Trainee: 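The structure follows.
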Number of protein chains: 2
Amino acid sequence: MVKMADKKQQITEVKIKAASVASTKDRILDAALELFARKGFDAVSMREIAEEVGIQKSSLYSHFKSKDEILDGIMEFPATELTLVGPKEELDTLIDNLGLEGFMMMSNGVFRDWMKSQKMEKVWRVLCIEMYHNEKIQAFFSNFIDGAISFWTLVFSKMAAKGMIKPLDPAVLANEYFGQYIYLFIEYFLIKYDNTPGSFKRMAEKSIEGHMIFFVEALKK
Amino acid sequence: MVKMADKKQQITEVKIKAASVASTKDRILDAALELFARKGFDAVSMREIAEEVGIQKSSLYSHFKSKDEILDGIMEFPATELTLVGPKEELDTLIDNLGLEGFMMMSNGVFRDWMKSQKMEKVWRVLCIEMYHNEKIQAFFSNFIDGAISFWTLVFSKMAAKGMIKPLDPAVLANEYFGQYIYLFIEYFLIKYDNTPGSFKRMAEKSIEGHMIFFVEALKK
DNA sequence: CCTACCGATCGGTAGG
DNA sequence: CCTACCGATCGGTAGG
């Protein structure tokens with residue numbers, strides 16, 4: 001009888017926990033993300049993360065085998081987000097329906113949606129900070145850039161084939177268009193980083209608007 | 001007599017040393033630069049630097065008060081180089097004489113001269129790696145970017161006033177032009193860094209050429 | 001999830 | 001420029 005009561009009690013607790021409080025694993029990830037974004041991976045110790053969570057350092061190892069594994073956990077976030085975002089329709093249909101200006105505006109909207117959460121800002125800060133000395137992050141960036149350049153090269157070659165833009169080298173156009181985003185990321189996340197909510201959004205909107213106007217104007221026939 | 005002979009011997013040695021071998025201080029700077037460029041500041045220990053130079057770790061402290069001071073020494077290099085480079089003539093005269101295309105080509109030449117030494121490549125690798133967590137480097141970058149953007153904004157507003165280019169926002173043009181250089185630096189020094197001599201030059205020349213052609217074409221009346 | 005502990009390594013110093 | 005040493009801190013583990 002006592003056993004039964006205990007079990008019921010446990011189940012109720014588990015349910016409440018799941019509904020209202022993050023799991024310890026998630027709390028560790030959140031604390032680590034906050035600290036890594038502020039100080040960088042190397043400058044944050046396992047002791048600091050544990051303190052932020054409110055547990056002992058050794059308890060971290062019940063959830064993650066190593067410090068690197070915590071970083072891996074953080075990196076899963078943008079990877080899964082990346083697949084959710086992005087237009088679902090066929091590319092040719094989109095280009096035909098939206099035209100040059102409409103397509104560029106739509107892409108900018110996708111980018112803004114993708115970056116809008118504060119968590120995403122922090123993840124990008126960590127990615128930018130650590131891109132030089134963590135192999136997985138370096139690979140992530142390399143794929144990210146290569147993928148984006150391929151995508152935009154394809155878009156501009158389609159547009160050129162359809163006679164929608166001036167007959168310019170699609171690969172050069174991809175670099176011109178996408179490079180400004182990298183420039184924006186570096187300036188914000190590495191040089192003028194400031195932890196206040198929404199500050200990336202504000203800076204990005206001003207900067208990207210001018211870029212889009214110039215770029216569309218340069219491609220128009 | 002023996003003393004005199006010894007002294008002569010010493011003097012000769014010193015002269016030969018000064019003429020053919022770098023000072024210990026310079027050898028420390030060179031070794032540190034090489035190691036920092038390869039592994040990053042934090043990942044290199046004072047022991048490693050000493051080993052590379054061929055002296056004991058404690059001897060480093062006869063030349064530099066701390067590890068940070070070695071980094072400061074390395075950073076003096078681009079700072080002094082920056083002042084040597086750059087056109088000396090009056091800006092208006094240059095713009096009038098060279099025209100849009102000529103001015104852009106001259107600037108690209110200045111950039112290539114500036115980056116051509118292998119030492120400079122290594123310095124930039126260190127600067128890019130450490131820009132997030134060393135205050136001095138962050139300030140250097142911030143000034144570097146702000147200075148470049150101001151310069152190019154001035155150039156394009158002069159060109160617009162002279163009727164040499166389309167009447168576009170000079171600040172936007174400065175971002176468009178200069179942003180590609182930052183993109184190039186990030187892609188090379190942070191993501192696809194490869195220590196082989198001259199590899200930056202090769203990559204940069206291909207990438208910058210396309211950029212210049214597109215940019216000039218977009219501004220031409 | 002805790003207490004208690006580990007070896008390794010760090011930047012830097014004393015004193016010659 | 002050297003030998004010898006320092007306290008501090010690190011990531012990680014044993015064992016409960």
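Every chain is numbered from 1, with letters handed out A, B, ... down the list of sequences. Predicted model only: the values in this text are computed from it and were never measured.
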Trainee: Among C:dG12, D:dG12, D:dC2, which nucleotide has an atom closest to any side-chain atom of B:Lys57?
Mentor: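 The answer is C:dG12.
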Trainee: Name the closest nucleotide to the B:Tyr61 side chain, picking from D:dC1, C:dG11, C:dT3.
Mentor: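 That would be C:dG11.
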Trainee: Any side-chain N or O of B:Ser66 below 4.0 angstrom from OP1/OP2 of C:dG11?
Mentor: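 Indeed not, no polar side-chain atom of B:Ser66 lies that close.
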Trainee: Please determine, for the side chain of A:Arg47, which listed nucleotide (D:dC1, C:dG11, D:dG11) has the closest atom?
Mentor: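 So the nucleotide nearest the side chain must be D:dG11.
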Trainee: Any strand counts, and the cut-off is 3.5 Å on both contacts for Watson-Crick or G-U wobble. Which nucleotide pairs with D:dG12?
Mentor: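 The base-pairing partner of D:dG12, which may sit in any strand shown, is C:dC5.
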Trainee: Can you measure A:Asp68 atom CG to D:dC10 atom P for me and round it to whole angstrom units?
Mentor: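 Spelled out: CG on A:Asp68 to P on D:dC10 is 16 Å.
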Trainee: Calculate the interatomic distance between A:Glu48 atom CD and D:dG12 atom P; express it in whole Å.
Mentor: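 Spelled out: CD on A:Glu48 to P on D:dG12 is 15 Å.
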Trainee: How long is the line joining CE of A:Met46 and C1' of D:dT9, in whole Å?
Mentor: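 Interatomic distance, CE of A:Met46 to C1' of D:dT9: 15 Å.
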Trainee: Check every strand shown and say whether A:Ser45 touches a base, only sugar-phosphate, or nothing at a heavy-atom separation below 4.0 Å.
Mentor: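 Sugar-phosphate, backbone atoms only, no base.
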Trainee: Would you call A:Glu34 and A:Arg38 a salt bridge, using N to O less than 4.0 angstrom?
Mentor: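 A:Arg38 and A:Glu34: salt-bridged.
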Trainee: Let me know the distance between NZ of B:Lys65 and P of C:dG12, rounded to the nearest Å.
Mentor: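 Spelled out: NZ on B:Lys65 to P on C:dG12 is 12 Å.
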Trainee: If you compare every side-chain N and O of A:Ser58 against the phosphate oxygens of C:dC1 (OP1, OP2), does one of them come in below 4.0 Å?
Mentor: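 No, no such contact exists.
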Trainee: Heavy atoms only, 4.0 Å cut-off, all strands: where does B:Val44 land among base, sugar-phosphate and nothing?
Mentor: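 Counting heavy atoms under 4.0 Å across all strands, the contact made by B:Val44 is with sugar-phosphate only.
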Trainee: How many whole angstroms separate atom NZ of A:Lys39 from atom P of D:dT9?
Mentor: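 Computing the A:Lys39:NZ to D:dT9:P distance gives 12 Å.
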Trainee: Could you give the CZ-to-P distance, from A:Phe64 to D:dG11, as a whole number of Å?
Mentor: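 Nearest whole value for this atom pair: 15 Å.
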Trainee: Any luck finding a side-chain donor-acceptor pair between B:Asp194 and B:Thr196 under 3.5 Å?
Mentor: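 Result is yes, a qualifying pair exists.
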Trainee: Kindly state whether the ring of A:Trp152 and the ring of A:Tyr177 have centres lying under 6.0 angstrom apart.
Mentor: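 Centroid distance A:Trp152-A:Tyr177: below 6.0 Å, so yes.
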Trainee: Could you label the plane-to-plane angle of the A:Phe151 and A:Phe103 rings as parallel, tilted or perpendicular, counting under 30° as parallel and over 60° as perpendicular?
Mentor: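 Correct class here is parallel.
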Trainee: Taking atom P of D:dC10 as reference, at what distance in whole Å does atom CZ of A:Phe41 sit?
Mentor: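 Those two atoms, CZ and P, are 13 Å apart.
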Trainee: Expressed in angstrom and rounded to an integer, what is the separation of A:Gln56 atom CD from D:dG11 atom P?
Mentor: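 Interatomic distance, CD of A:Gln56 to P of D:dG11: 15 Å.
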Trainee: Think B:Ser59 has a side-chain N or O under 4.0 angstrom from the OP1 or OP2 of D:dC2?
Mentor: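 Yes.
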Trainee: Suppose we call two aromatic rings close when their centres sit under 6.0 Å apart. Are A:Phe215 and A:Phe156 close by that rule?
Mentor: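 Ring-ring flag for A:Phe215/A:Phe156: true, centres closer than 6.0 Å.
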